[in-house]
Each structure stands twice: as structure tokens, then as C-alpha cells.
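One structure below.
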Amino acid sequence: MISTVLVANRGEIACRVFRTCRDLGVSTVAVYSDADADALHVREADAAVRLPGAAPSETYLRGDLVVAAALAAGADAVHPGYGFLSENADFARAVTDAGLVWIGPPPEAIEAMASKTRAKELLGIEPLGEVTEADLPVLVKAAAGGGGRGMRIVRELAALEEELRAASAEAVSAFGDGEVFVEPYVENGRHVEVQLLCDAHGTVWALGTRDCSLQRRHQKVVEEAPAPGLPAALEASLLDTAVRAAKAVGYVGAGTVEFLVTSGRAHFLEMNTRLQVEHPVTEEVYGVDLVALQLAVAEGRALPAEPPASRGHAVEARLYAEDPAKGWAPQTGVLHRFDVPGDVRVDTGYASGDTIGVHYDPMLAKVIAHAPTREQALRKLAHALERARVHGPVTNRDLLVASLRHPEYADPAALGTGFYERNLDALAAPPPGGEHAAVAAALASAASREGRFGGGWRNVRSQEETRTYGDHEVRYRPARGGGYEVVFPEGVRVVSAGPDAVRLEVAGVARTFEVAAYEDAVHAGRHRLTARPRFTDPADLREPGSLLAPMPGTVVRVADGLAVGDRVAAGQPLLWLEAMKMEHRVSAPASGTLTALHAVPGRQVEVGALLAVVQTDAHVVQTDAQEEDPV
């Protein structure tokens, strides 16, 4: 019997495993890097062990340190979670060699399936050999791991060599394995997968399908179970193929077989020999706890001959600290408040007051809704996200709400991985009502100042005050008899105004805005607003053409041979930043001359740091960082 589990992971998945362990009466051990010393998963564990020495981005890849931590803490089992070492056969062997229980599949099964190239060979699928123009577009893909790391779409043959190098470097950073391969890239196919659970006695459960087609940068954003609209024959074929793959390698534990479905045909992608990020939708539909079943299987228990019946529909949305309108750039800072109301499940590795750092994936939480029908589940999830209080850095919350309510996503026949390519501009637009949220922010600020300093009695009409939040200018003044009068925007009547809540009436419709002000932003309802300063900060008076770091990160490399005085072309890659294990390319915003280069490989930079200067004839440029391969 397992008595103490060490989770060789961090964040949301560590907290998720700890929750089940608590329910089962099993003690828990966390491991952590220096960057995670005060993380939620560390606080929730019964014991925690610091992993010494390695850089934060490498710490959780040190299997030797993890095994030593398990032995030091008296753990008798190790759960790998997902990512990091979860599909590393050598780590699985090291765990069992140390006399610990490995809560995962046999190392031989991991070796057979964790490498996508070897898995394809096992099933008789050959990767592309030498790539020609006729093969384009192609997808460069890491042989190990998942989560979109080490993946690149290549549409021009001349770009293949650089994309192979970049994908390999990213795969090394994320998984410790730089092997990559090339396969045909299918535009807008559906990403469908089958959840498996196998015991050591020959029983294999295929727990239905999931659709994970809504993706950005090859990473899943919204997932659901069951995959809607699949023909019965195709669904049966997917389940049968997944079961055959598991039996072929003597699989034990939880795993997932992934397919790309297009034109009614299914193409095998890979088998993930671990628990998937999106496993909660399967749990909700089948009424099971996959982590509890993982522990039971690891203890040698037999599964029932047949899995439970499915019920209803579940949808999961991944809430990320990122800005979809700016190339999905990851965001950092303090998560001042985090609260998701309603009848939904929230799996997270953060709590109010935690800091979102630069070293790891920017996922804040997974929010899951279960209902009798798909339509009801989508509606419930969108409503919960819309009402959530996510105060802190920019997130993709509004994009998720708009995606779940989009008519194309509502139609299963239209599902495909190209959803955001077609719809991103509209979905990433700010939600409506921003000008009224700005009014609420301005009046709440005025009410707060009045409460601190007291109101002044006047017998003449007061002068207007002006405040600007982003693109929204607000002009107001104290009203006769108390309260405030909004001068601009027109048509707004103030019902009440306090430091924490403002009620406004527009065209006869009254709404209350909950307002919370922090140093970095003001949150009014679901709107995140930044006040425009009344006076220009000298730091903003940069010379034209300044390329500023769009996010905190590390300069991983500068373009070969790039030097001050060089002529550069618009869109030419100049340097690359690594943030949260993803590489971000910084390109010349316009053609001109490189007049300064401050970026040095290995240098850590904060957001807004001056990286380089490109001087153009017009002396007016706008810069941004782009993902190597936006989806």
C-alpha cells in the first residue's frame, strides 16, 4: 500500500495530485526550485524538499535530485504529473531502482511510445525523409514531450534549417531531449484523442474521446469530452486503435492516444504515456478520479472488467497569463485576486496574492464545466469565466469567453485547429463596455480620495476633472447635492459611486461595476484598465526605433553576425527571448539601420528593457515580439 507520494512536478498538476492523495489518506511531498519556494503546491504539501543547484528552468528535469528528495522525505511512491520527467524512461527506472513505486507505465512502454518517431515506427508509419517544396507545409515536432514545445510550422523550404534548430533547442529546454522530426502539416484538422487506463492484469479501459482542436502555438486552449459530432464508425475505429496501441506495448496506467481527424479519416499523432492536462473532462463525464485509479493500478489492483458509463458533456478552458492580442505574449506579476464563481471545477496552482514568474508555463488554472448537454456546458463555462475575478496581469479570460460563445465553435462540423487563425482578431478585441468601465474606475478613484481627504463644500459649480484609461477619456465633476456628474462620455447617469463599487445607468439600463485598484492596473467588472499618467515619464522618451522587451525573459541568442551599423529589413529576426520555456522572436519593425544593440545572450531582461534600436528614415516604428509559430 502506498503511504506517501512525492509529486515530481509543480503548479496545478502537483496540487491536483495532492487533492486526491488527501482524499485517500495518503501523505504528500512536494519538490521545488528556488523560484517556487513559496508556490501553492509547496504550501499544500505535507512536506517539501528544495531541489538544489540547478537553474529554475532545469530544476524539475534533474531526476537524480528528485529521487534523492523522495528518499530523504520518506516517500514510497513518485507521481510524475505531466511534462518535465513524466515520459522519461530513465527516470522511471531510477525511481524503481531506488525501491520506490512508480505511478506510471513501465519504462519499456514509455520508451516504445514516448518518442513520437519510435511510436510511428511501431504502428508502421514512416516520417518524412528529405523535405522538398512539394511536401510543404510541414510540421517540425519534438520527438519527446508535448504541450506545443518544440513544434514549428514550416511553409518555406529556406526556413526549415532554422526552425529545426529552434525546435530542438526548445525541446532540450522543456524535456532534456533535442530529437525532432518532420511530418506533413494538415491545415485545420480536428485534434481528437482517446483516454486509456490499463491495469497489470490485462484490462484496458478506453474512456471515450476528447476534442482538443482549439489551440494556439500548438498548445490546447479549450478541450471537451466526448468529442462532438464524430461518426459512430470513426469513433469506434479511434477507440480500437488506441486499445491496440496500448496492448502492443504492455501498457499499464493512464495514457492518451492522439489523432488528427480530417475528411473523415484519422491519422495517428502520438501516445502520451502520462496523465494529460485535459484529463478532468473525462473524469467529469465518467464520474471517475483518474489519479486515484493511477494509484490503485500502481498498487497492483485490478480494474473492473468494464469502465463506468458516460454521462453528459464536459468542457475545460485553460486560463493563461498571456496577451492574445500581442502574439500570445506571456505575462508576469502579482495575481492580486483570483476567484471563479459558479458550479464549475477549478484546478489551479495559484491563489490570490501569488506571483506569476518568468520560468514556467503561464497557465493559471483549468476551469471545467459539466452539464447534461454540450450547449449547457459551454454556456455554464462561459458564464463562470465572465464573472471570474482575475485581478493582476493580462490574461486570455475574455478570449475564452468569446471563443465559447462563438457560433463557429458551437457547430461541431466547423471544429478545427485553425479556429484562432480565422477568428483571432475579433476574439481578442476588448469586451464591450470599456468606456463605462473607465467611468466606474474614475469615479471609484474620486470616491476613494474623498473618503481619505474629506469632501470640500462649494457654493459654485466645480471644475471638471479628467482621467484617461487606455483609449478612454473620462470627464466628471461633483454634482449639486452630492455625488458625481459625468460630462464625458455622454449619456451616463451616476446612480451611486463608492471606492469599491459604482452603479451607472446608460440608456435606462443600470449596471454595477465592482472596482479594485492596484499599482499596476484597475479592474472594473471584467475590464482591466491602466491609467494614463498625466505627465510623461522620462523613461518613455526613448529615441525612435527602440526595441523594448515585451516580456521578462532571457536573451537566448542574437542573429548571426548582427552588429551595430548593419542594414536590416522589416520583419528580419534580430534576437530571441526565452520566457516560460518558449522562444519569442524579436524582429525589425521596419527597414533601417541598427544603431544600438544591448541584447547579450544569457542576459536576463525585464519588460520594457531596451534591446536594440533600429533607425529608419521616418524615425517612427512600432515593435512587438512574435511567437516563432503562432497558431
Atom CD of Glu375: over 12 foreign heavy atoms under 6.0 Å: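 No, the 6.0 Å shell around CD holds no more than 12 heavy atoms from other groups.
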
Within 6.0 Å of NE2 in His406, more than 12 heavy atoms from elsewhere: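 More than 12 within 6.0 Å, yes.
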
Are any side-chain N or O atoms of [X] and backbone N or O atoms of [Y], one a donor and one an acceptor, separated by less than 3.5 Å?
X      : Y      : answer
Asp211 : Glu224 : no
Arg397 : Ala388 : yes
Asn423 : Leu427 : no
Lys380 : His370 : yes
Glu161 : Ala158 : no
Asp240 : Glu235 : no
Ser213 : His191 : yes
Glu421 : Gly418 : no
Asp199 : Leu303 : yes
Thr241 : Ser237 : yes

State, to 0.1 Å, how close [X] and [Y] come at their nearest heavy-atom pair, and which atoms those are.
X      : Y      : answer
Ala569 : Ala588 : O-CB, 3.3 Å
Val7   : Val17  : CG2-CG1, 3.6 Å
Ile110 : Ala89  : CG2-N, 3.8 Å
Ala242 : Phe259 : N-CZ, 4.4 Å
Ala382 : Arg405 : CB-NE, 3.6 Å
Ala142 : Val180 : CA-CG1, 4.0 Å

Would you say that [X] contacts [Y] through its side chain, given a criterion of any heavy-atom pair below 4.5 Å between the two side chains?
X      : Y      : result
Val291 : Arg16  : yes
Trp328 : Val221 : no
Thr348 : Cys15  : no
Arg274 : Pro80  : no
Val285 : His313 : no
Pro228 : Leu415 : yes
Pro362 : Ile356 : no
Met271 : Tyr251 : yes

Rounded distance [0.5 Å steps], [atom1] in [X] versus [atom2] in [Y]:
X      : Y      : atom1 : atom2 : result
Asp177 : Asn88  : CG    : CG    : 8.5 Å
Leu381 : Ile368 : CG    : CD1   : 8.5 Å
Gln195 : Glu283 : CD    : CD    : 8.5 Å
Lys141 : Glu270 : NZ    : CD    : 4.5 Å
Arg585 : Gln572 : CZ    : CD    : 11.5 Å
Leu290 : Tyr286 : CG    : OH    : 11.0 Å

Cation-pi check, [X] to [Y]: give yes when NZ or CZ is under 6.0 Å from the six-membered ring centre and within 45° of the ring axis, no otherwise.
X      : Y      : result
Arg216 : Phe419 : no
Arg557 : Trp576 : yes
Arg374 : Tyr409 : yes

Polar side chain donor-acceptor pair, [X] to [Y], under 3.5 angstrom:
X      : Y      : result
Tyr420 : Ser403 : yes
Gln276 : Glu258 : yes
Asn272 : Thr256 : no

Aromatic ring proximity, centroids under 6.0 angstrom, Tyr82 and His279: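 No, ring centres 6.0 Å or more apart.
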
Ring-ring centroid check Tyr360 Tyr60, cutoff 6.0 Å: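 That pair passes the under 6.0 Å test.
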
Intermediate values then yes/no, salt bridge (charged side-chain N to carboxylate O under 4.0 Å, His left out), Arg345 and Glu316: CA-CA 9 Å; Arg345 169 177 167 179; Glu316 171 183 291; over 6 Å; no

Salt bridge (charged side-chain N to carboxylate O under 4.0 Å, His left out) evaluation trace for Asp347 with Arg19: CA-CA 10 Å; Asp347 287 11; Arg19 184 171 66 244; 3.3 Å; yes

Test log, rule salt bridge (charged side-chain N to carboxylate O under 4.0 Å, His left out), inputs Glu193 and Arg210: CA-CA 5 Å; Glu193 59 192 33; Arg210 295 189 290 252; 2.8 Å; yes

Steps toward side-chain contact (heavy atoms from CB on, under 4.5 Å) verdict (Val277, Lys366): CA-CA 9 Å; Val277 178; Lys366 304 176 311 194; 3.4 Å; yes

Candidate pair Asn188 and Arg422, rule side chain to side chain donor-acceptor pair (under 3.5 Å), full reasoning: CA-CA 10 Å; Asn188 201 41; Arg422 295 187 298 273; 3.0 Å; yes

side-chain contact (heavy atoms from CB on, under 4.5 Å) evaluation trace for Val281 with Val315: CA-CA 6 Å; Val281 291; Val315 185; 5.6 Å; no

Residues Arg318, Asp361; criterion salt bridge (charged side-chain N to carboxylate O under 4.0 Å, His left out); working and verdict: CA-CA 12 Å; Arg318 302 191 192 185; Asp361 187 273; over 6 Å; no

